[in-house]
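Have a look at the structure below, then the notes.
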Amino acid sequence: MSTFWSWWIIVITVVTLLGSLWLLVANRKTTISGQPGTDGEAPTTGHSYDGIEEYDNPLPAWWFWKFVGTVVFAAVYLALYPGLGSFQGLLGWTQENQWEASMAAADAKMDAQYAEYASRTIDDLAGDPAAKRMGRRLYNNNCSVCHGVGGSGANGFPNLADNDWLYGGHPEAILATLNGGRQGVMPAWGAVLGDEGVVNVTEYVLSLSDEPHNAAQAAAGGEQFAMFCASCHMPDGSGMQALGAPNLTDNIWLYRQADLTLAENIRATLRQGRNGIMPSQSDKLRPEKIHLIAAYVYGLSQTGAP
Ligand code: HEC
Ligand code: HEC
């Protein structure tokens with residue numbers, strides 16, 4: 001906030017507070033002296049509306065002091081907490097440090113539990129229901145937006161429960177994926193292959209997993225596959241985990257936009273390329289948490305059940 005707007009807010013707030021206090025005190029007693037009351041009744045202000053007279057009663061004391069109290073409360077609050085422009089308040093309270101303090105308190109409570117789990121292998125934890133429950137909670141908070149509840153996956157986001165892996169599914173590979181992140185690089189082939197080439201190679205890719213295809217086009221596409229694709233996807237199409245190049249023979253597809261046919265999805269992959277990004281978790285989550293999540297994910301592929 002610029003200094004000008006900060007002072008703008010400070011001045012308006014303070015003037016409003018003092019102004020309402022002044023209004024209250026100044027009007028506590030009306031200065032219009034009206035008629036004295038009869039029979040012990042309060043005096044009137046002298047105002048008369050259609051014969052109805054206005055009494056000159058003071059404000060009730062409880063109401064008056066409650067109002068003063070709210071003004072005092074506001075002044076004390078604005079001195080202690082942020083609220084007056086960019087003034088931080090005497091307590092130094094911020095939303096962030098409150099959040100951090102409560103996270104630290106929660107972490108401290110869990111520390112003993114985490115330490116116990118961190119000392120056990122992922123293989124071991126994947127068979128421990130209590131550890132898996134904690135892992136599932138962490139997974140749901142941090143991973144399910146992309147990979148779905150239970151690791152079901154989505155278009156462009158790999159299924160983590162099917163025991164089919166881009167980068168490998170043993171505990172070390174999963175840990176490496178979580179800690180370092182992954183970036184799949186599938187170059188675009190539209191310009192190299194041309195329209196006919198894209199169609200032919202697509203038929204060949206379909207043939208690799210025994211999907212319906214045009215045999216003549218697939219044969220032509222096979223030659224181009226050997227030339228352009230085998231270096232990453234291997235000559236037999238079985239993929240390469242070091243690069244995250246998917247196995248093209250298992251009929252499991254990472255890119256499967258629902259309103260397109262399988263052939264259309266593959267042609268789109270070839271024309272435009274694909275660059276799936278798995279964000280690194282090591283700067284977001286403590287190693288103990290990553291360890292538990294890895295155990296949960298590993299367990300998914302072992303049993304297929306969340
Ligand atoms: C912003 C979306 C996003 C989030 C959040 C995310 N991932 Fe991923 N993840 C991806 C994408 C995209 C890929 C595939 C990368 C590629 O195409 O090469 C991937 C890949 C993976 C893989 C490799 C799968 C394989 O077949 O080898 C694992 C394991 C994984 N993620 C686990 C997790 C876990 C556990 C979390 C939570 C801590 C998580 N991911 C959070 C998007 C995400
Ligand atoms: C430089 C290595 C490399 C080359 C060369 C390459 N690919 Fe890929 N391919 C990849 C990677 C990595 C992915 C995964 C992209 C991702 O995770 O976002 C991929 C993804 C794909 C997919 C999507 C699979 C799915 O499950 O949705 C298809 C289909 C494919 N490639 C076919 C081909 C064909 C056909 C060629 C040759 C014209 C080819 N690739 C050349 C690395 C390569």
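Note that ligands are numbered from 1 as they come in the structure, with each ligand's atoms numbered from 1 the same way. Predicted model, so just to flag it, every value in this text is computed and none were measured.
In terms of polar-atom proximity, defined here as any N/O pair under 3.5 Å, Gly184 does make such a contact with ligand 1. Residue contacts with ligand 1: Phe157 is placed with no nitrogen or oxygen under 3.5 Å of a nitrogen or oxygen of the ligand (distance criterion only). Considering backbone and side-chain N/O of Arg182, none are found under 3.5 Å from N/O of ligand 1. Ligand 1 has no N or O atom lying under 3.5 Å from any N or O atom of Thr177, backbone or side chain.
A salt bridge is absent between Arg133 and Asp128: the closest approach of a Lys/Arg side-chain nitrogen to an acidic carboxylate oxygen does not fall below 4.0 angstrom.
The heavy atom nearest to atom 24 (C) of ligand 2, considering only Pro246, Gly239, Cys229, Gly197, is found in Pro246. When Leu243, Asp164, Val185 are ranked by how near their heavy atoms come to atom 42 (C) of ligand 2, first place goes to Val185. Comparing Gln257, Arg274, His233 by heavy-atom distance to atom 31 (N) of ligand 2, the nearest is His233. Closest heavy-atom approach to atom 35 (C) of ligand 2 within the set Leu208, Leu254, Leu270, Asn251: this belongs to Leu270.
In the vicinity of Ile277, heavy-atom distances shorter than 4.0 Å reach the ligand 1 atoms 10 (C), 11 (C), 12 (C), 42 (C). Applying the 4.0 Å criterion to heavy atoms of Gly156 picks out, from ligand 1, the atoms 12 (C). Every atom of ligand 1 is numbered from 1 in the order shown, and the set under 4.0 Å from a heavy atom of Ile293 is 35 (C). Every atom of ligand 1 is numbered from 1 in the order shown, and the set under 4.0 Å from a heavy atom of Val297 is 35 (C). Taking a cut-off of under 4.0 Å to the non-hydrogen atoms of Leu178, the atoms of ligand 1 that pass are 32 (C), 33 (C), 34 (C), 35 (C). Near Gly276, meaning under 4.0 Å from one of its heavy atoms, ligand 2 places the atoms 16 (C), 18 (O). Every atom of ligand 2 with a heavy atom of Val201 under 4.0 Å away is listed here by number and element: 35 (C). Of all atoms in ligand 2, listed by their number and element, those nearer than 4.0 Å to a heavy atom of Ile252 are 26 (O). Under a 4.0 Å criterion applied to the non-hydrogen atoms of Asn142, ligand 1 contributes the atoms 5 (C), 37 (C).
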For this session: For Arg267 and Thr202, run side-chain hydrogen bond (donor to acceptor under 3.5 Å, both in side chains): C-alpha distance rounded to whole Å, both residues' side-chain angles, the deciding distance at 0.1 Å, then the answer.
Result: CA-CA 6 Å; Arg267 286 199 288 266; Thr202 296; 5.3 Å; no
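Among protein heavy atoms, the minimum distance from atom 16 (C) of ligand 2 is reached at Tyr255 OH, 3.4 Å. Atom 5 (C) of ligand 2 has Phe228 O, 3.3 Å as its closest protein atom, hydrogens excluded (heavy atom only).
Closest of all the heavy-atom pairs between Ala188 and Arg271 is CB-O, 3.4 Å.
A donor-acceptor contact closer than 3.5 angstrom is absent between the side chains of Gln281 and Asn142. Remark: the Thr121 side chain and the Asp123 side chain contain no N/O donor-acceptor pair separated by less than 3.5 Å.
The proximity of His147 to ligand 1, defined as any non-hydrogen pair under 4.0 Å, is limited to the side chain.
Using the six-membered ring where Trp is involved, Trp8 and Phe4 have ring planes that are tilted, between 30° and 60° apart.
Annotation for Gln257: atom CD counts as buried by contact number, over 12 foreign heavy atoms lying within 6.0 Å.
None of the N, O or S atoms belonging to Cys232 lies under 2.8 Å away from atom 8 (Fe) of ligand 2. Residue contact annotation: Thr269 places no N/O/S atom under 2.8 Å from atom 8 (Fe) of ligand 2.
Using a 4.0 Å heavy-atom cutoff, Gly244 is absent from the residues neighbouring ligand 1.
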